[in-house]
Amino acid sequence: MSSVDVIERKPGDYRTDLKPVWCAGCGDFGVLTALYRSMADLKLVPEETVVISGIGCSSRLPGYVATYGFNTVHGRALPLATGVKVARPELKVIAVGGDGDGFAIGGNHFMHAARRNLDIAYFIMDNEIYGLTKGQAAPTTPTGDKTKSTYWGNPEPSIDPCELAVSVGATWVGRAFSGDVKSLVELMSGALSHKGFAFLNIMSPCVTWRGKDEFTNWKAKAKPIPAGHDRTSRSEALKYTRESDIMSVGVLYEVKQPTLIERLGAIKTASLGGKPAPTMKQIKESFFPRF
Ligand SMILES: Cc1ncc(C[n+]2csc(CCOP(=O)(O)OP(=O)(O)O)c2C)c(N)n1
Ligand code: SF4
């Protein structure tokens, strides 16, 4: 089957036999449901799609999606995604994971994947905590919050992932709430249709370590970004970051820039000076002429 033979898909076509082991009420269920719907809307071809994660509750997601997938090492979803995309640019590459995975141990990789404008979508399930390891503070945990690792309150300032993404060069940045599946599907489809590094921060409650009220709290704070917002302006986008009383959802930033693969293609063309690319055999012979 090739991508030219576009066939209708249903959300259920992307489901595997594996049952999610998330706690009852975990926000990640909404993310998985929305991903199935978005993939079906876009008619993504399962054998031409790869879902890559690190380690965490949220990083279990590739196991539940009937495409190629890779549940890698903590914090290393983006290096793996980079390798896959550079080696096989024709594949649709989706990286997923938690805020700990993406911004603590994997923080450095985030900056570089974004500034290179790697043509992938990155979906973070942001629960403001380390869920899998039982409730330690993450880089997104609000200052002052009591967690398993911050008994007297979190002493550290937190980051806003969307502010970071805009600053380090992502070319599509959005924020979503996993409790609103309808708008999450639209935002995921926008990210998956973007050519370049598309980052969607999905506020996805951890009911076990952040409390059962997280859903209702975030639902009350979620407000759509106004229709007149200028998505092409960095300074306008940053107005919807570091919020406290509201949680703006929608597309903050969207610009067109050459992707890493396009830049590499331009270098290849220039270096060949109009000549055809050498074959693997010719490259081998140029290094080892006696063989
Ligand atoms: C190299 C390494 N360091 C630490 C861990 C332990 N560890 C596993 S998951 C995790 C954090 C999980 O939090 P997050 O990425 O936010 O995902 P969540 O479980 O909240 O979805 C940590 C610290 C690990 N598996 N590997
Ligand atoms: S611990 Fe939290 S993040 Fe992990 S499955 Fe349970 S509710 Fe979800």
Side-chain angles (χ1 to χ4, degrees), residues 1-6 35 38-39 41-53 67-70 72 76-97 102 106-124 161-174 186-201 230-238 251-280 282-283:
M1 173 77 58
S2 95
S3 47
V4 239
D5 309 311
V6 178
L35 185 61
S38 170
M39 290 173 107
D41 286 352
L42 298 175
K43 303 179 180 61
L44 292 193
V45 181
E47 52 273 43
E48 294 175 359
T49 306
V50 194
V51 184
I52 300 171
S53 68
T67 60
Y68 284 103
F70 204 153
T72 70
R76 304 293 181 254
L78 289 176
L80 261 290
T82 304
V84 172
K85 191 67 193 178
V86 170
R88 297 284 307 276
E90 74 281 11
L91 297 180
K92 174 63 79 185
V93 178
I94 307 169
V96 299
N108 195 35
H109 300 303
F110 179 71
M111 170 168 71
H112 298 297
R115 78 180 171 85
R116 288 173 180 143
N117 200 26
L118 187 71
D119 184 17
I120 66 165
Y122 188 27
F123 299 148
I124 283 280
C162 291
E163 179 189 42
L164 183 65
V166 170
S167 306
V168 295
T171 50
W172 190 103
V173 178
E186 279 169 30
L187 286 164
M188 280 181 164
S189 297
L192 287 167
S193 307
H194 176 74
K195 200 155 180 52
F197 191 82
F199 171 68
L200 183 60
N201 201 60
D230 179 5
R231 295 177 181 185
T232 62
S233 159
R234 276 189 182 196
S235 54
E236 287 300 313
L238 292 174
V251 183
L252 281 73
Y253 188 61
E254 183 176 12
V255 287
K256 280 201 175 75
Q257 299 273 336
T259 65
L260 178 68
I261 301 297
E262 287 165 346
R263 290 191 175 108
L264 287 173
I267 289 170
K268 189 172 153 191
T269 309
S271 67
L272 290 170
K275 290 189 275 206
T279 62
M280 277 313 285
Q282 287 167 330
I283 293 171

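Judged as a side-chain hydrogen bond (donor to acceptor under 3.5 Å, both in side chains), and not counting sequence neighbours, Asp41 has no contacts. In this structure, the side chain to side chain contact (heavy atoms under 4.5 Å, CB included) partners of Ala277, at least two apart in sequence or on a different chain, are Lys268, Leu272. Phe197 is linked by a ring-ring contact (aromatic ring centres under 6.0 Å, His included) to Phe110, counting only residues two or more places apart in sequence or in another chain. In this structure Lys195 satisfies the side-chain hydrogen bond (donor to acceptor under 3.5 Å, both in side chains) test together with Asp119, sequence neighbours excluded. The side-chain hydrogen bond (donor to acceptor under 3.5 Å, both in side chains) test applied to Thr49 returns no partner, not counting sequence neighbours. Annotation: side-chain hydrogen bond (donor to acceptor under 3.5 Å, both in side chains) contacts of Arg263 (sequence neighbours excluded): none. Not counting sequence neighbours, Lys256 has no partner by the side chain to side chain contact (heavy atoms under 4.5 Å, CB included) test. With sequence neighbours left out, the side chain to side chain contact (heavy atoms under 4.5 Å, CB included) criterion links Ile261 to Val86, Pro89, Thr259. Among residues two or more places apart in sequence or in another chain, the side chain to side chain contact (heavy atoms under 4.5 Å, CB included) test is passed with Glu254 by Trp172, His194, Arg231, Val251. Partners of Glu236 under the salt bridge (Lys or Arg N to Asp or Glu O under 4.0 Å) rule, at least two apart in sequence or in another chain, are Lys239. Listed by chain and number, the residues in a salt bridge (Lys or Arg N to Asp or Glu O under 4.0 Å) with Arg234 amount to none (sequence neighbours excluded).
Taking each heavy atom of Gly196 and Asn117 in turn, the nearest pair found is CA-OD1, 3.2 Å. The shortest non-hydrogen separation linking Ala81 to Ile52 is CA-CD1, 3.6 Å. Nearest heavy atoms, Ala121 versus Leu192: CB-CD2, 3.8 Å.
Separation of atoms CG (Leu238) and SG (Cys162) is listed at 10.0 Å; rounding is to 0.5 Å. Note that CZ of Arg116 is 10.0 Å distant from CG of Leu264, once rounded to the nearest 0.5 Å. The structure places CG of Leu91 at 10.5 Å from CD of Glu47, a figure rounded to the nearest 0.5 Å. Of the inter-residue distances, the one linking Ser53 atom OG with Phe123 atom CZ reads 13.5 Å to the nearest 0.5 angstrom.
Annotation: side chain of Leu200 is not in contact with side chain of Ile124 (no heavy-atom distance under 4.5 Å).
Listed by first and then second residue, the side chain to side chain donor-acceptor pair (under 3.5 Å) pairs involving residues 80-95 are Arg88-Glu90 (not counting sequence neighbours).
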